[in-house]
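Note that this is a predicted model, so its numbers are computed, not measured. Labels below follow one simple rule: chain letters A, B, ... track the order of the sequence lines, proteins then strands, and each chain is numbered from 1.
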Amino acid sequence: MYTAWNHRREALVPVFKEGGQQAMQAAAEELALTLRALTRNLKSYSAWHHRKWVIGHRLTSLEAEITLVETLLDADDRNFHGWAYRRFVADLMGMPVQRELEYTTRKIQHNFSNYSAWHYRSKLLPLLHSEPGVPAAADDSPSAAAERQAMISSSRAGATGALVLHQTLEIEYELVSQAFFTEPEDQSGWIYHRWLLGCSVAHWQAAPESEAERARLADVLGCQLALVSDLLDLEPGSVWARKTRAHLLGLMQRVGGAAGGSAGRGSGGEAADCVAAAAAWEDLEGLDPYRAGYYRHACSVSARASV
Amino acid sequence: MDLASRYDVIVLGTGLVESLLAAAAATSGKTVLQLDAQDFYGGRWATLSIDDFLAALRPGQAAGATGLEVAGSTDPACIGESHAFLVDLAPRLVYGGGPMVDALLASGAHHYTEFKLLQGSYMLDSGDAQRLTSVPSTRAEVFASRDLSLADKRVLMRFLQRFSGLLPHNEGGEVRDPVPADTHDPVLATPFADFMTNTGLLRADLRATIAHGALLLPDPSLLSTGVVLDRLALLQRSAGRYGAGSGALLCPMHGGGELAQAFCRSAAVGGAVQMLRSPVVALRLESAEGSQIGGGAATVSDSAGPKVGASRPVCTGIYLGTGDDRQEVAAGVVIGGVAEIASALHLGEQMADAAQSHPDGGAGGVVHGAGQPCGEVSDGTAGGAGQPCGDASSCPSSEPERPRAPTLLRCVAVLDAPALLPGQDRVGVCLPRPEGPVVWMLALGHTLCVCPENRTLVYLWTEAAAERGARSVLEPALQAVLRAASGTALFAAQGAAEGGGGGGVSAGPASLLTAVYYTEAPSDLRPDALPSNVTACPDPGSDVAVDSCIASARQLFHRTFGEEGRFPLDPDPPAPDAEDVASDEEALEALRTALRTVDGTEEAAKENPDLGESGWAPPLDT
């Protein structure tokens, strides 16, 4: 079907180039057409792509697109096409990051089993609450938005370079723990938690000689381990909780192994962690045999790291 | 007023259940005459201005109230103009996906009603802490709650999942109505309190949160799990129905009396005739053999009444008015509120006895025997518990069909703040008590157009357990909630946010201006005192949600008119469906809306927790 869309696009190129009333009308017609196509199949890649192409010409109202996407996501908040489209439009519009962040917060409050919302959040946080990075600001003025758009576009590419602030991470850990205690079987929260751990580790990786960072990381890992262990007391069969615990033990092993020793975990902590991590992975093999290979691999990786 | 000489159905009173029956009868083609002695609709379910409310509380008046105490002033200079308030005699909520909404739609009465969502459900814990904690009833609310520890969230969720697991689901994962609770499944037969404990809710406060807070149950040890499942299904159908994350309960705008009035209008549309300020009504009775009681031939002749086991008399119609102006109207059946029926029966007997110059006379007092009401409508006797005459054992014939309706303790209060909690002027609070039944509370503000902007109406009610007056039970409860509300972190945060700049919607914690306490005794009627074609409709009772009235109305409809045929206020059964998956269906609807928006032919509704002027949207059909 995409060849037909392509053909249509080729025909439209000169029309759009002309600009003016004709072009706007044509654009509106294209949007109506894609809407009818989407009505029949909300997950049609071709229709979404065509729509993106049309609005990219900026001949139509982008606010209306946001309204459309919000309506769609209210009805089905896990449609990743909708979320990807929203990111695209937000980018195009230079939407303030704060507003988008609040949108994800709202969506998560309504239904936290929403991988797309957590994922979008993971893309936005580094833009707003990180060092170095775009300074936290929520102002809406068009010039600021345009300026931001330039900053966002460049820093989206370089987002991996930004370190999310510690206090932001604390808030996010608290939020996501509400999710996995309410519903331990829902993986979106756990995956976001994994990303948060990565953010915490990144601080130490950026300054490996800093004892302060290492200690802070060990602290965070210790807290999270206690939390997950509490959950396991209530739900011993939760595979994701066990996976996260094993992962945490593996991380603690590496952090504790650096110069300066392991803060507050007692002597021989390092070796104990190694054993504990290995044991945790072995338990998982039994509990979740479909992924036995993954667990065996993880076990061997953590064993190697301790040598 | 020109009345026909006969109506299929005569309805005495305009309370909610009898109005439901009037609407049902009218839409099924019967001729209906509906009368009310008052000059307002609703009877014991009415919504009234302050002055009318206080008048209705006088002894023998519409509310059936006794033991009235007023704390504070009802002077308009103090609280506000009387007509600026709309006070409910029977405050109620409506489940968003429940049988009342279905009935409103089926009867067309929804055109006359508007609602707003209840904004918050809270519980005041009965321990020392006395905090107001929010009650979660959905997974999203559990997630968002700031009052539950992480471990509590897990325990609650596990319970909810196991409990929901008892509901039958169809292949699409949608909840079906549970099987009627007379199955022999031992789990369903367990008292719900035990089921909660067995399923991990070991702490009393968590059990109270679920049973009283989320499910609005009075006493979980008295209800089987199977029966409570119905309530859970209702809750799941209602939560989120009017927008993602919205609550399950609706508040009627302009007061709960609007519901009764809406069904009256619907009955009128169906051809019913209604008359307020109707003159005095008495029932005209005939014995089953056809001879008229009291009008001529002697039947009831000795003071002990007819022999036990004599068949019940039949009501052939009513007398309207007294003396020379008296009109007779024939009726097929008579329906009415308990108080109205009791009064009409009593007057009928009085007239019959007066006509026969009977020495024992029914004038005043209480007389035994078939055809006589056993418990009089409460008329202001001290204690006001509506004690039955003599003791039950001296009354001949079988045990009553249903348990006695409870005596209620009620309070209506006015606060001098726009809302009980900041930003939430429609909240419900339940207060479980170790020493007695749960106290229920509703705080409703001007967004429902029931009071001025700077005031809040608060209702408290509970079933009376011991011989204590309304004020001694409810005043401490009210004070406890006000203290807890003023102490909540919400206010502290609000104060900080406003930076002490004043202005804004909520200026601070609410304080009490006026409180009116009273006891509402049930009007009672022994079922065997009723003629065979007379149906008495129940009083409001202590239920928080109004949906149980539909079941009562349905049952009474079938008892009165026979079992065949569908209850006219039930929704049409859904048409057999194609294989559309629910989420695609909703997405389609969403896109159609979006299409209209993009075309600019219709303003799309913005996300807004309040439902705006038109109240609520028709439910999505599955």
Checklist entry - If you take all heavy atoms of M157(B) and T182(A), which pair is closest and at what distance? => result CG-O, 3.2 Å
Next on the checklist: Taking side chain as everything from C-beta outward and backbone as N, CA, C, O, which of these in S61(A) sits under 4.5 Å from a heavy atom of chain B? Side chain, backbone, both or neither.
Outcome noted: neither
Checklist entry - Would you say H57(A) has more than 12 foreign heavy atoms packed within less than 6.0 Å of its NE2? => result yes
Checklist entry - So do the side chains of F143(B) and E183(A) get within less than 4.5 Å of each other, counting heavy atoms only? => result no
Next on the checklist: Please determine whether the number of non-hydrogen atoms from other residues, nucleotides or ligands lying under 6.0 Å from atom CD of Q22(A) exceeds 12.
Outcome noted: no
Item to check | Part of E174(A) within contact of chain B (heavy atom distance under 4.5 Å) | outcome: side chain
Checklist entry - Rounded to the nearest 0.5 Å, how far does NZ of K153(B) lie from CG of L231(A)? => result 13.0 Å
Item to check | Proximity breakdown for L38(A) and chain B, heavy-atom pairs closer than 4.5 Å | outcome: both
Checklist entry - Which bit of E141(B) is near chain A, if near means a heavy-atom gap under 4.5 Å: side chain, backbone, both or neither? => result neither
Item to check | Sidechain-backbone polar pair: R158(B) side chain, L234(A) backbone, donor-acceptor under 3.5 Å | outcome: yes
Checklist entry - What's the verdict on side-chain contact (heavy atoms from CB on, under 4.5 Å) for R146(B) and Q178(A), showing C-alpha distance, side-chain angles and the deciding distance? => result CA-CA 10 Å; R146(B) 296 266 138 246; Q178(A) 307 289 331; 4.2 Å; yes
Next on the checklist: Taking side chain as everything from C-beta outward and backbone as N, CA, C, O, which of these in L227(A) sits under 4.5 Å from a heavy atom of chain B? Side chain, backbone, both or neither.
Outcome noted: side chain
Next on the checklist: How close do R154(B) and F181(A) get, counting heavy atoms only, and between which atoms?
Outcome noted: NE-O, 2.7 Å
Checklist entry - Q109(A) and A140(B): which non-hydrogen atoms are nearest, and at how many Å? => result O-CB, 3.5 Å
